[in-house]
Amino acid sequence: MNVQKENIGIFGKVNSGKSSLMNLFLQQEASIVDSTPGTTADTKVSLIEIHGLGPVRLFDTAGVDEGGELGEKKREKVFSNLKECDLVLLVINPETDDLSQESEIIARSRELNKELFVVYNVFGEMDSTVLAENIKRLEGDLSLLRFYKSIHLSVIDAERRAELLDFILSTYVPKSKPRSLLPFIEKGEYYVLIIPMDAETPAGRYLRPQSMVEEHITRNWGHPVSFRMDLSAGRGPDFQKEKERYLSFLSEFKRKPKMIITDSQAIDLVAPWTPDEVGVTTFSIVMINHMSGGRLSTFVDGLKVLSSLRSGDKVLIVEACNHSRIEEDIGTVQIPNYIEEKFPGVVIEHNFGREFQDNDHLADYSLIIHCGGCMISSQKLMARLRDLSNVDVPVTNYGLFLSYIQGSEVLKKVLLPWKIKCLF
Ligand code: SF4
């Protein structure tokens with residue numbers, strides 16, 4: 001099991017005490033705290049372990065009420081962070097008399113179905129009656145505040161840390177539960193990993209999806225076995241030799257491997273060469289299912305649009321990281337070549353390592369083809385899915401697209417382990 005981290009974000013106006021709250025969690029001066037408005041120039045992220053909650057990623061965000069062009073940029077970043085968070089901590093100075101920013105944070109959190117708690121940060125000495133009156137006044141001004149659990153404390157008082165953690169542990173219901181990377185693994189079975197090792201493959205280690213899959217199989221008492229496939233040989237005039245080498249390797253097992261997990265770009269060889277009784281799927285499909293919290297069917301649905309793709313339609317190829325590229329790069333060469341061949345006139349654009357909110361024309365695309373997303377957090381990937389769903393743009397994935405291109409039988413085969421039936 002890969003343990004998912006909870007994302008907890010601290011939000012509020014400039015100088016409401018967000019960074020001090022972060023420090024209270026961390027018990028150290030990790031965030032810069034002073035009284036100059038806008039000290040938190042960008043979001044600061046820290047990893048902590050909260051006993052009873054597990055690993056937590058804490059976001060200390062910039063104030064949302066700063067003016068000017070830079071302030072506007074910070075706001076965009078803050079609201080992008082909000083999408084990634086599982087829990088929103090809204091810090092409010094009980095003496096404030098303007099709740100317009102807090103109102104927007106609550107509205108956005110509701111829109112995204114986020115869990116939210118209010119932290120009333122008491123500055124200096126405040127009589128409990130005065131504090132209660134202040135909170136009542138704020139709840140009168142912004143009635144939605146009544147719907148949220150709250151705590152009041154001075155966030156610079158280190159002794160209140162235990163109380164804060166107790167409050168979170170007793171009220172927060174974590175949404176992200178540990179998910180199995182490969183839900184179909186069976187103890188004692190063999191699983192073959194097809195690893196082509198092209199010029200892009202770094203020396204001394206496997207790529208992240210490959211090492212995650214290998215570790216997961218081993219942890220679950222299965223037996224991972226790697227096979228290096230020569231893609232050039234397999235697609236060249238002497239392809240029969242490479243095919244025989246692969247089949248001979250498979251025949252050496254006393255008991256047939258349960259499943260082949262292949263690099264997506266080898267699916268054109270692996271799918272037709274693998275005996276019917278052995279299952280096949282791809283690393284990219286494994287990763288996108290895992291990172292999206294099991295939403296593989298959303299990416300399968302995205303393929304439907306391919307049957308109606310017309311000349312002039314725009315397709316966006318998305319990679320979650322910027323890695324070095326080779327001549328036969330999957331995102332810049334292989335997928336575009338397939339699109340040009342099968343869907344002439346379709347316009348291809350790329351979005352590598354950038355966030356969707358930087359793209360003002362997201363709604364113009366007919367389809368997004370996303371990589372496995374192994375280098376971003378699950379929450380970030382789910383935030384991307386929400387963005388696409390809001391603008392009604394279908395999304396699919398590298399592994400699914402490359403399987404679809406090989407025909408419906410191949411697509412059915414790679415989906416079989418996931419118990420997803422493909423009706424097109
Ligand atoms: S984030 Fe995407 S492009 Fe980058 S290594 Fe992972 S799967 Fe490949």
Side-chain angles (χ1 to χ4, degrees), residues 2 4-5 7 45 57 80 83-84 179 181-182 193-216 226 229 231 261-267 270 281-296 298-300 302-303 315-339 348-359 365 367-385 387-388 395-405 414 418:
N2 194 37
Q4 297 294 309
K5 294 176 190 71
N7 281 355
V45 184
R57 203 181 276 120
S80 160
K83 291 180 189 169
E84 283 184 60
R179 284 188 299 273
L181 187 68
L182 302 159
L193 315 185
I194 305 283
I195 299 178
M197 287 198 165
D198 53 29
E200 202 177 321
T201 311
R205 64 177 173 89
Y206 277 163
L207 298 176
R208 187 166 148 77
Q210 295 160 352
S211 59
M212 280 175 72
V213 165
E214 186 186 35
E215 189 272 347
H216 184 85
S226 304
M229 188 170 279
L231 299 185
I261 301 158
T262 179
D263 190 307
S264 299
Q265 54 189 317
I267 194 70
V270 173
T281 196
T282 82
F283 287 111
S284 182
I285 293 175
V286 170
M287 287 313 298
I288 206 71
N289 180 64
H290 183 65
M291 303 307 290
S292 67
R295 289 169 176 78
L296 183 59
T298 302
F299 293 86
V300 177
L303 290 169
V315 168
L316 186 67
I317 299 176
V318 178
E319 291 190 355
C321 75
N322 261 315
H323 56 89
S324 54
R325 304 192 180 278
I326 54 159
E327 220 175 292
E328 282 302 293
D329 182 65
I330 190 164
T332 52
V333 180
Q334 296 186 33
I335 292 180
N337 284 352
Y338 278 125
I339 294 177
I348 302 158
E349 291 181 8
H350 292 94
N351 190 111
F352 292 160
R354 284 184 301 129
E355 292 306 319
F356 282 166
Q357 73 266 13
D358 297 339
N359 190 328
Y365 297 102
L367 178 66
I368 307 292
I369 307 179
H370 203 294
C371 73
C374 72
M375 301 300 277
I376 53 173
S377 68
S378 195
Q379 288 92 339
K380 192 175 279 242
L381 188 69
M382 285 195 245
R384 288 180 166 201
L385 288 183
D387 282 345
L388 292 174
V395 57
T396 191
N397 154 266
Y398 279 16
L400 293 169
F401 176 81
L402 291 170
S403 303
Y404 172 95
I405 288 294
V414 298
W418 305 97

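Fair warning: this is a prediction, and the values are worked out from it, not measured in the lab. Just follow the structure's listing: the first ligand is 1, and inside any ligand the first atom is 1.
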- Message: Can you confirm whether some protein heavy atom lies under 4.0 Å from atom 8 (Fe) of ligand 1, or whether none does?
- Response: no
- Spacing of R295 atom CZ and S378 atom OG [to the nearest 0.5 Å]: 8.0 Å
- Task: Among all protein heavy atoms, pick the one closest to atom 6 (Fe) of ligand 1 and tell me residue, atom and distance.
- Result: C374 SG, 2.4 Å
- Query: Among protein heavy atoms, which lies nearest atom 2 (Fe) of ligand 1, and at what distance?
  - Reply: C371 SG, 2.3 Å
- Donor-acceptor contact present, side-chain N7 to main-chain E84, <3.5 Å: yes
- Query: Any donor-acceptor pair under 3.5 Å linking the side chain of D263 with the backbone of A266?
  - Reply: no
- Message: Any non-hydrogen side-chain atom of I261 less than 4.5 Å from a side-chain atom of L182?
- Response: yes
- Item | For G372, the ligand 1 atoms whose distance to one of its heavy atoms is below 4.0 Å | 7 (S)
- Query: Going by the atom numbers of ligand 1, which of them fall below 4.0 Å from some non-hydrogen atom of A320?
  - Reply: 1 (S)
- Message: So, 2.8 Å as the limit: is an N/O/S atom of C321 located closer than that to atom 6 (Fe) of ligand 1?
- Response: no
- Task: List the atom of C371, the atom of I288, and the distance in Å for their closest heavy-atom pair.
- Result: O-CD1, 3.3 Å
